[in-house]
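In what follows, a structure is listed as structure tokens, so that the remarks can point back to it.
These numbers come from a predicted model, not from an experiment.
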Amino acid sequence: MELHTELNYGARLIMWSLRSLLWAAVLLTAIPVQKLTAQAQQGPSGAPTFRVSSNLVFLDVTVLDKVGRPVVKGLTKDDFIITEDKKPQRIFSFEAPETHVMGANAGDDNPDGRAPVTIFVLDRLNSSFDDFAFFRYSVRKFLAAQPAQLNSPAELMVVGNESLEMLQGYTRNKADLLYALDHLPPALPFKEMHGAFYWERVAQSIDALQQIALQNTGVPGRKNIVWLGFGGPGVNMEFLTGPVVGHLQHYVHTTTNMLVAARISLFVIYPGLPVNNRKILFSAMDAGANIGDDDPFAGDINFGVFVNETGGKLFYNRNNVDILIKQSQRLGSDYYTLTYQPHDVAPDGKFRRIRVTLRNSNLRALTKAGYFAPDRNEPVDPQQQTMIKLAEAARSTIPLTALDMNISDVLRHPDTRTAEITVQLKGKNLDWQATDDGRSTADLILAEASLNGDKNILASKTEKVTIFSTVQDPAQRAEEVTRLPLTIQIPRKTKSVRVVMETEEGGRIGAADLDRKTIDAAPAMPTPAAQLVPRGPEYVPPTTPQTH
């Protein structure tokens, strides 16, 4: 069999992402309240009606004075006013900024979620080679100025041409983050260079937000994404027609709810560029716009809208990126936490606008803008559970054998803390589809994770792969073996590695494990020179609709 990492499926990725890589649970579990239950009851007409009961909504609120400085003292619960869809809400609980710190003797863990965590995302997918190098330099400059033990945990990710990869999971050890950053291999952002990948970059960028939200769902406390780069390309919804409009709106509504439910704020940092750059201006304007009460994604889809929605901030046209990272961290760390309990949330799928104001008109609140209510008419796609199952499978301690797979040929690279392995996958239980040239193909989703002793993910990568077979006989094809070469990050605290694969259509899962003892006993060699120009598809001139 042949292995092929599918790259050039252009605008079709939007639909594929909605169908197969939507990292949300069903919409009811994605809205910002901690729990919602829909109960069908008989109304006067005999038709079922729906009543939604809810627990608390968490609001992490940064209060700014007239010149934009965080206000961290002197405010009480009585200084805040909360409305949802213009209806006043009673504040249930209140936490001041001084409670959001870790203990002096705390380790890497943040079990109570008191201190906010930081997720650094380096955007290779949407940045030029020079800009990406500058982002990497700026993150290194910021980290180098920090103490050996950070004030709160941080992790490092990179979104690239093919996947979102976690280079280092949450840690307070500055040296571990710098090591992961310094050993990130170079690569050309060929999708950013070629217009044919426009739609693909849109979907991959939003998928990255969903993956980060999924990773952090259930983790207590606030999380701040510091995204170094432009984010996904913008889409003007006013120029789109047909079913794609509904699909895209559902896509971004779900993403918003996932981010809000996970208590994530998005901070986006651009490098210094001319102010007439269109992809900056539209995102920057939307990041600071007054979205009113309507669907914030009715006109545009861009990272500026996600910034506005999650209570973050967008910085642009400045070159002191390390200083902007520091400002982002401060805005995401000096905050009050308020909770309230909404009532009568109609399951109509509409946007629920949250406003937080202060009795002192000289102060303003920076927080999430709202959420989308569940939609009782929204069909549930069972394949939306795909990535949730993969995340659970990666951390599970039980064997998963629906797919027959194992790991062989382990080779260590101590200089970069990586390992090359080969996953051997049999054709049994795969969903084979015939092609016009007489071959058969099977689509799978592959996840690889390095885990510590508590099964927490230290590094990970997820991607779609398509394998091919020329064998016609089904029985022989079931025994045929595909060899998939992989390179896996092995952070310092790694105790085991698990590779998980799931069939895209049938949902069958297999897993293969590798313990640290086996990795350490494997032969060691220096890391081969990185291939600077990845092999990509042939360039095709874009034919995209009205976008920006």
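To the nearest 0.5 Å, the span separating CD1 on I490 from OG1 on T418 amounts to 7.5 Å. Distance CD/E309 to NZ/K368: 10.5 Å, rounded to 0.5 Å. I264 CD1 to N216 CG: the interatomic distance, rounded to the nearest 0.5 Å, is 5.0 Å.
Enclosure of atom NZ in K495 is not indicated, since only 12 or fewer non-hydrogen atoms of other residues, nucleotides or ligands lie within 6.0 angstrom. Around the CG atom of D322, the shell of radius 6.0 Å holds more than 12 heavy atoms that belong to other residues, nucleotides or ligands.
The shortest heavy-atom contact between N224 and P116 is ND2-CB, 3.8 Å. L209 approaches L259 most closely through the heavy-atom pair O-CD2, 3.8 Å. Among all heavy-atom pairs drawn from I269 and S328, the shortest one is CD1-OG, 3.9 Å.
Counting only heavy atoms from C-beta outward, the side chains of P296 and F351 approach each other to under 4.5 Å.
Ring-centre distance between F190 and F129: not below the 6.0 Å cut-off. When ring centroids are compared, Y179 and H183 come within the 6.0 Å threshold.
Between D409 and R483, at least one side-chain N (NZ, or NE/NH1/NH2) sits under 4.0 Å from a carboxylate O, which counts as a salt bridge. The pair R201-D123 does not count as a salt bridge, with every side-chain nitrogen at least 4.0 angstrom from each carboxylate oxygen.
Across V121, I225, L228, L331, a single residue satisfies side-chain contact (heavy atoms from CB on, under 4.5 Å) together with F267, and that is L331.
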Exercise for the section: Please test D60 against S265 for side chain to side chain donor-acceptor pair (under 3.5 Å), starting from the C-alpha separation and ending with a verdict. Expected result: CA-CA 9 Å; D60 296 315; S265 294; over 6 Å; no

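Between Y270 and Y316, the angle of the ring planes goes over 60°, which puts this pair in the perpendicular group of the 30/60° scheme. By the 30° and 60° cut-offs, the orientation of the rings of F297 relative to H253 is tilted.
Here the side chain of K493 pairs no donor or acceptor atom with the backbone of G453 at under 3.5 angstrom. Looking only at distances, a side-chain donor or acceptor of R172 sits under 3.5 Å from a matching main-chain atom of L150.
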